[in-house]
Number of protein chains: 2
Amino acid sequence: MKTLEDLSNELKRKNIRLTHQRLKILEYLSNSKTHPTVEEIYHALKNEVPSLSKTTIYNTLNYLSELKLIKTLIVDDNEARFDAVTGSHGHFKCDECGKIYDFDLNTEAFDTEYLDDFKVNEKIVYFKGICPGCLSKI
Amino acid sequence: MKTLEDLSNELKRKNIRLTHQRLKILEYLSNSKTHPTVEEIYHALKNEVPSLSKTTIYNTLNYLSELKLIKTLIVDDNEARFDAVTGSHGHFKCDECGKIYDFDLNTEAFDTEYLDDFKVNEKIVYFKGICPGCLSKI
DNA sequence: TTATTAGTTTGTAATCATTACAAGGTAGAA
DNA sequence: TTCTACCTTGTAATGATTACAAACTAATAA
């Protein structure tokens, strides 16, 4: 659970201008485990930050993503999801309920010779299937 | 290099109605190594199949994708890409030139305990970075 | 071959996420 | 406190994808 103060220091350290909106968005994202969409962030925060605009959320998330402070998740819906970076992990999406789970992952395990001459900056692993909860219902 | 006849038999075997459009789209996809977008397929085929509509391309690709005959690629652009299924492989996208490379992949290598109770149907692996060609230019 | 029908194609219009833009607002340095 | 570069905001534009309905056609059976 990251506090506004934690986040505030984090931004200061990286020379990112502190704004109320950025802090709130980042706070929400850091304390969320659901990989929210822009829409979800917007609805969650608009009471607390009534002036908040979706454009600001897009701007903020894109900016923080460029700076590698957060990650943009790739899912097969047509909506971007966002993830406060915590370390190497994979995502599992349940085709039944749509929920996204994180799982630990040893990214060394799948290096391949073919990529020896490539500079790999990011490794994205994404599984699909059915989660235990949905399996038990079928 | 798959011929129209090969593909024709493939569809027949799966009880998929044979139409000129489907065969042409699938032929193009099967013989392409570039993971084309709908736009690219459309431009590539519209001379040969003048009546072709983008909606048909979407319909066809979505349908074949449901039937697991092709795969919809997840990339971080906002355009779907498609892949004639050939077996387990990963994708590497060059952040410099945008080109997408395939590489062989042993998907067994990254099973994790956490997912023991999950039914995993699909494993998507997607690397990003810079390809050898672009590395040499920098 | 012809007739029939369920499934397919097509163009247009609608939808929906995302971005462009310009005007007004604000963080942070001096 | 002032100043300026950077942010935020609302609206309008963009662009991929889907909905829809009318016209068409593959495949089956007579």
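Predicted model, so just to flag it, every value in this text is computed and none were measured. Convention: sequence-line order gives letters A, B, ...; per-chain numbering from 1.
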J.: How long is the line joining CG of B:L52 and C1' of D:dC24, in whole Å?
T.: 15 Å
J.: Answer yes if the ring centres of A:Y114 and B:Y101 are under 6.0 angstrom apart, and no otherwise.
T.: no
J.: Rounded to the nearest angstrom, tell me the gap between atom CG in B:N62 and atom C1' in C:dT9.
T.: 15 Å
J.: Look at atom CG of B:N121 and say whether more than 12 heavy atoms of other residues, nucleotides or ligands are closer to it than 6.0 Å.
T.: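 Count over threshold, so yes.
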J.: Heavy-atom nearest nucleotide on DNA chain C for A:E39 versus A:N59: which residue maps closer to 5'?
T.: A:E39
J.: Verify the neighbour count for atom CG of B:D95: are there more than 12 heavy atoms of other residues, nucleotides or ligands below 6.0 Å?
T.: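 Correct, the count exceeds 12.
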J.: Assess whether a salt bridge exists between A:E96 and A:K137, defined as any Lys/Arg side-chain N lying under 4.0 Å from an Asp/Glu carboxylate O.
T.: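 Not counted as a salt bridge, because no side-chain N and carboxylate O are separated by less than 4.0 Å.
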J.: Using a cut-off of less than 4.0 Å, is there contact between a side-chain N or O of A:R22 and OP1 or OP2 of D:dC7?
T.: yes
J.: Which is more 5' along DNA chain D, the nucleotide nearest B:T55 or the one nearest B:N78? Just name the residue.
T.: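 The residue whose closest nucleotide sits nearer the 5' end is B:N78.
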J.: To the nearest Å, give me how far apart CD1 (B:I16) and P (D:dA27) are.
T.: 12 Å
J.: On DNA chain D, check which nucleotide each of A:K54 and B:V38 is closest to and give me the residue with the more 5' one.
T.: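 Of the two residues, A:K54 wins.
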J.: Would you please confirm or rule out a distance under 4.0 Å between OP1 or OP2 of D:dT9 and any side-chain N or O of A:S51?
T.: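 Yes, because at least one side-chain N or O of A:S51 sits under 4.0 Å from OP1 or OP2 of D:dT9.
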J.: Does A:T19 put a side-chain nitrogen or oxygen below 4.0 Å from OP1 or OP2 of D:dT8?
T.: yes
J.: How close or far is atom C1' of D:dA27 from atom NE2 of B:H20, stated in whole angstroms?
T.: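 Value for this atom pair: 18 Å.
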J.: To the nearest Å, how far apart are B:L18 CG and D:dA27 C1'?
T.: 10 Å
J.: C:dC16 P sits how many Å from A:Y42 OH, rounded?
T.: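 Spelled out: OH on A:Y42 to P on C:dC16 is 16 Å.
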J.: Below 6.0 angstrom between ring centroids: does that apply to B:F103 and B:F127?
T.: yes
J.: Rounding to an integer number of Å, can you tell me how far A:I57 CD1 sits from C:dC16 P?
T.: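 That distance rounds to 18 Å.
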J.: Indicate whether OP1 or OP2 belonging to D:dT9 is found under 4.0 Å from a side-chain N or O atom of A:Q21.
T.: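 For A:Q21, the contact criterion (side-chain N or O under 4.0 Å from OP1 or OP2 of D:dT9) is met.
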J.: Are the side chain of A:D117 and the backbone of B:C131 linked by a donor-acceptor contact shorter than 3.5 Å?
T.: no
J.: Would one find a side-chain N or O of B:S53 under 4.0 angstrom from OP1 or OP2 of C:dT9?
T.: no
J.: Which angle, to the nearest 10 degrees, lies between the helix axes at the two ends of the helix from C:dT1-D:dA30 to C:dA30-D:dT1, each defined by five pairs?
T.: 40°
J.: Side chain of B:R81, backbone of B:H35: donor and acceptor closer than 3.5 Å?
T.: yes
J.: Take atom CD of B:E66 and atom P of C:dT8, then tell me their distance rounded to the nearest Å.
T.: 11 Å
J.: If we ignore angles and hydrogens, is there a donor and acceptor under 3.5 Å between the side chains of A:N62 and A:S65?
T.: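 No donor-acceptor contact under 3.5 Å links the two side chains.
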J.: Name the closest nucleotide to the B:R17 side chain, picking from D:dT25, C:dT18, C:dT19.
T.: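 Of all the options, the side chain of B:R17 is nearest to D:dT25.
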J.: Does A:Y58 have a side-chain nitrogen or oxygen under 4.0 Å from the phosphate oxygens OP1 or OP2 of C:dT18?
T.: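 Yes.
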